[in-house]
Amino acid sequence: MRDVAVVGIGITNFGYLWEKSWRDLAVEASLEAIKSSGVDKIDSIYLGNFSGGTFVEQEHMAAILADYLGFLHIPSTRIENACASGGVALRHAYMEVASGMSDVVLVTGVEKMTDVVTSQGVYSLSMAADREYEGYQGVTFPGLFALVAKKYMHDFNATRKQLAAVAVKNHKNASKNPKAQFHNIITIDDVLNASIIADPLGLYDCSPMTDGAASVILMPLEKAKKLSNAAKPIKISGIAQATDTIALAQRNDFVTFQATIEAAKKAYQMAGKSPQDINVAEVHDCFTIAEICAIEDLGFFEKGKGAKATEDGLTEIDGKIPVNPSGGLKGKGHPVGATGIAQIVNLVEQLRGQAKDLQVNNAKVGLAHNLGGSGATVTVTILEVI
Amino acid sequence: MTGIVGYGCYVPKRRIKVEEIAAQWGENAETLKNGLLVREKTVPAKDEDSVTIAYEAARNALKRAEIDPQEIGAVYIGSESKPYAVKPSATIVADALGITPAVHVADYEFACKAGSETVFVVYGLVKSGEIKYGLGIGSDTSQGAPKDPLEYTAAAGGAAFIMGNDNVIAEVIATYSYTTDTPDFWRRDGQSYPTHTGPFTGAPAYFHHTLNSAKGVMEKAKMTPKDITYCVFHQPNGAFPLRASKMLGFTKEQFEPGWVAPYIGNTYSGCSLLGLASVLDIAKANDIILVTSFGSGAGSDSFIFRVTERLEKVRNNAPLLKYYADRKQYVNYATYAFLRGKIKMRED
Amino acid sequence: MLTIPRNWREKPQRYMLKGGKCKDCGYTMYPARKVCPKCHSENIEIIDLPREGKILTYTVIYSAPEGFEDFSPYAVAIVELTNGARLMLQIVDTDFNNIEIGKKVSVVFRRLFVEGKAGIIIYGPKAIVED
C-alpha cells in the first residue's frame, strides 16, 4: 500500500443556488480541484451523491461528470451511503490510489437539493432511514435525531440551551466562511425561540437544505511531492469506515454512535494518533445533538460531557479542540453527498494554513467525521501535514 | 345452544359537544340537546375509519371469546362508511386478526341495519352447523352534512359479536325481522352526505318498523316487556329510542343501560350493537335482552338473548364501553371539520 | 411512496405484528430476520409480538414528510415491547404532555398513510399511552 495525499481541492459556494444545476456544481468543484493540483489527466473518478434520483431525477451521474469534464472513457463511479456518500467515496478513491491501481483520482461530492419543495426533500432524506420500519411511521431525519436528543437530555440532564450552543458557534464560524450558506450570527435565544421541527429540535438545531459540490484530487504521496506547480500535499494518514443498525430502535444505546467509535478507533490506529493529537476537527453536525454525540464518540470528551463542553466554549476555534471551524453542516450548509468531501477541503485549507479568518493556530493534524443516516455508516479520516 | 361467545366495542377518543356545533351555526344548543337528547358525539381521528374501528371492536370480541381466530368461518362488516367504494373492508380486518384464509368474508351495506344484519347471518350459519364461529361487526364513521340536524348526532364507533354453539355468553332465544321499502333516508352513490326526509323518518319509518319488529320477536318468544330485563333500540338520536321504549311499555331501568346515543351519538351501523355491548357490560346470568335495530329503507331486526353464567367470566377480558366512553378529548368545530374531511386541502 | 406489492408483502409485520425470536439466544426482533443479529444463528422462529410495551425515547414531529402532512404534529417513539423487541411507532390519541420516557403503551391498528384521494390506504400498528 502506498501513502496517499490530497493534492488539489475545489469547492463551490453552498446555499440555494437557483441558477446552477448539479452538473454545473460538480463540474465547477472538480475543475477547481484539478487545476489546483497541477495534474493534466486523471485516471478515475468517484462521485459521492445521495439521491440524484429523487432530488433531480437523475441516476447514473458519475458517467455524466466524466463526460462534462472532458474525461470520457475513464472509470467513473457513483457512491451512495446517505450523508456519508462523500466520505465513503473518498475511502474508495484512497484504496484505488494506495493499491497502485491508479495514480490520479478525482473525488467529487455533489447534491442539488432545492429543486424540490421541502416536504419532498424531507421525504427524500427519510429514505436514508429504514424505509419499511421507520419511514412508514412518518419518521423524519430531524425526528430521528430528536429521539436521540430527547434521550440524551433525559440521561445527562442536558439542556436545549447547551444544544443551541452548537448552532451559535457554527453560525459564528460560518459567518467568516465566504463559501458558507449562512453568514448571519445567531444567539442562543434565536435558537430556542425558533419554530420546532421535531421536539426538542428547532429550526436552528437542524442543518439546512443546500446545493453545493466539493472535490479533491488524490495521488500517491511520493508522486505528489514531485508535482512542480501544485499546492502543498496533505497526507491521508488514517481512513476508516464502520456500520451500525440502520434502524435507530435496534440499538442498545441511542446516544452513542457505535459506528463513530469503531471508525475512529481504526482511523486513529492507522494514523498512529489519539484524540489528543487532533488539532482541528470537522464533524457531522447535521443536527446540534449530532455534534455533541460526535465529539464524545470521537474521544474528545467523555460521554455525557459534550453538551457542557460546547456551552463552555471548548470547541470554539480557539478552544481545547476546535470543532467545525468551517461552520459545519449547520452553518456552512449540508449538500448531502458533498459534505464528506467539503470537510476534507476545509481541513486541507486548515493544514496548509490557508483558512484565513477561520485558521486554527498550528493545525498539523485534522480529523473529518462523516455520518450517514442516523449513524448506520460513518467514515473517519485523519489528515496530516508532512 | 347458539348465541354470542364474544363481544367487543370501540369508540374513538375525540368528542365534539352539541354546544360547539350549535355555536358554529348560531343555533340554540339547549333546544337541540332537549330535542335530540344527545349531549356530544364521538369524532374519529384522522387515522381512524370504519375498518380500524371494526378491527379494535373485533379484537376485543376475540379476547372475550377465547378462541383461535382460525376457527372463525365467516367475517362480515356492516357499514355505511366503507373507506373504499370498491375493495372490501372485512378482508382487511379478517387478515389483520389472523382469521384468513379459510373463511367466508363479506361487507354489508343495509343502511343502519347493516350491523345487526351481519350478526343475524352469522347466527344462521353457526346454528346450521355450516361454520363453527362467525364474526359480525357493525362499524361506522357516520356522515352528516354541515348545518344539517344530522351533524349534531352522526358519530363514529362500532361493536363486534362472535357467534357460536359452545361457550355461549348470551343465548339467542328468538329472532324476527320486519322489513318494507320505506325511503326516509338514503345516500346516492358518489354523494358525501345522506339525505333524509324530516318528520317522515319518524312514524312511518323508525317507529313503525322498530315497534312491529320488537313486538314480533316478543310474540315469537312468547314474552312481554315484563319478561325482558333490558331493551336496546337503534339510536339515530337519544329521543327516538326513548320514545320507542315508552310506547312498548318499557321502564327507565330496562332502557337506560343500552341507551348510548346521549354520550356517543349516532354510530349508524354500530348503534344498536353498541347498545347491546353496553348492556352485556352489566348483565347477569339469566337476564333477558331485547335488541331491535333499524335501517332506513331496510327495516328492523330483533333478537332476544338470555345471558349465561359465562358472561361474567369473560367480561373483563377486554375493555367495557365505559372505558372508551370515559376517555375523551374534546375538539373544536375547526378541528372537527378537518378531521371529517370538510376542509378542502391541497391535492397533489 | 410505498408501493402496493411492498406493503402487501409486509402484512405479517404491519397487520399482525409478527416478529422473530432466536431459538438459540432468545433475542427478539421486529421484523423477523434470517440471521440473529446477536448470535448469528439462523434458527429464528416467527412469533406474535406482545402488544404492550414502554417508551424508550420519543419526539413530536412538526415538519412532516410527503404523505404525512395531514397528520402533523404527531408523536413518534421507540417502544420496547414486553418481550424486549423494539420498534418505532407513532403515539396517537395521547396529549403530547402525557408522553414520557418509561410510560406504558399499547399497540393499536390505524391508517398509516393514504396515497391521495384515489390511491390505496395503508394500515398498520401505532400505539397509545395507557392511562
Side-chain angles (χ1 to χ4, degrees), chain B residues 10-15 42-60 62-63 68-69 82-89 91-101 139 141 192 318-319 323-324 326-331 338-339 341 343-348, chain C residues 1 4 7-18 46-52 64-76 89-98 106-131:
Chain B
Y10 179 84
V11 296
K13 188 175 185 181
R14 288 165 181 78
R15 301 283 189 283
T42 57
V43 181
K46 202 72 188 166
D47 59 358
E48 290 184 299
D49 59 24
S50 57
V51 167
T52 65
I53 289 168
Y55 170 93
E56 297 293 347
R59 200 176 161 75
N60 287 334
L62 268 169
K63 286 181 191 166
D68 177 355
K82 283 158 49 77
Y84 294 91
V86 177
K87 185 195 173 305
S89 293
T91 45
I92 303 171
V93 172
D95 232 13
L97 290 170
I99 301 171
T100 53
S139 171
T141 54
S192 299
Y323 165 82
Y324 291 113
D326 288 350
R327 57 198 271 283
K328 293 182 196 178
Q329 182 188 334
Y330 287 102
V331 297
F338 168 70
L339 291 172
I343 292 179
K344 196 171 171 64
M345 306 292 282
R346 185 171 53 80
E347 286 170 38
D348 290 315
Chain C
M1 295 303 282
I4 290 158
N7 188 66
W8 174 79
R9 202 179 300 127
E10 292 294 322
K11 274 193 309 174
Q13 288 76 254
R14 301 258 156 93
Y15 278 13
M16 299 179 68
L17 214 64
K18 294 284 185 188
I46 303 291
I47 60 167
D48 288 319
L49 292 175
R51 299 176 73 85
E52 285 77 40
E66 209 173 10
F68 291 86
E69 297 99 328
D70 272 9
F71 297 113
S72 68
Y74 53 90
V76 176
L89 289 173
Q90 273 191 35
I91 306 294
V92 295
D93 277 9
T94 308
D95 191 304
F96 296 148
N97 295 322
N98 196 24
S106 53
V107 177
V108 294
F109 185 73
R110 294 292 176 102
R111 287 183 174 198
L112 294 178
F113 48 79
V114 177
E115 289 190 323
K117 287 224 158 169
I120 195 92
I121 302 165
I122 307 287
Y123 296 91
K126 295 186 181 179
I128 56 170
V129 166
E130 285 183 24
D131 292 314

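Residue numbers start from 1 in every chain, and the chains themselves are labelled A, B, ... in the order their sequence lines are given, proteins ahead of strands.
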Winner by heavy-atom pair count (cut-off under 4.5 Å) against chain C, out of B/P12, B/P83, B/A45
B/P83
For chain C, the option from B/Q329, B/E56, B/M345 that forms the most heavy-atom pairs under 4.5 Å
B/E56
Please tell me if the side chains of C/V92 and B/K13 come closer than 4.5 Å, counting only heavy atoms from C-beta onward.
no
Least distance between heavy atoms, C/Y15 atom then B/Y55 atom
O-OH, 4.4 Å
Could you measure the distance from the CG atom of B/D49 to the CZ atom of C/R111? Nearest 0.5 Å is fine.
4.0 Å
Chain B contact via C/Y123 - which portion, at a heavy-atom distance below 4.5 Å
side chain
Chain B contact via C/I128 - side chain, backbone, both or neither, heavy atoms under 4.5 Å
side chain
Could you check whether any side-chain heavy atom of B/K87 comes within less than 4.5 Å of a side-chain heavy atom of C/I121, counting everything from C-beta outward?
no
Taking distance alone, no hydrogens or angles, what donor-acceptor pairs closer than 3.5 Å link side-chain atoms of residues 92-101 of chain B to residues at least two apart or in another chain?
| residue | atom | partner | partner atom | Å |
| --- | --- | --- | --- | --- |
| B/D95 | OD1 | B/T100 | OG1 | 2.5 |
| B/D95 | OD2 | C/K11 | NZ | 2.5 |

What pair of heavy atoms forms the shortest contact from B/R59 to C/R51, and how long is it?
NH2-CD, 2.6 Å
Output the distance between atom CG (C/D70) and atom CG (B/D47), rounded to the nearest 0.5 Å.
11.0 Å
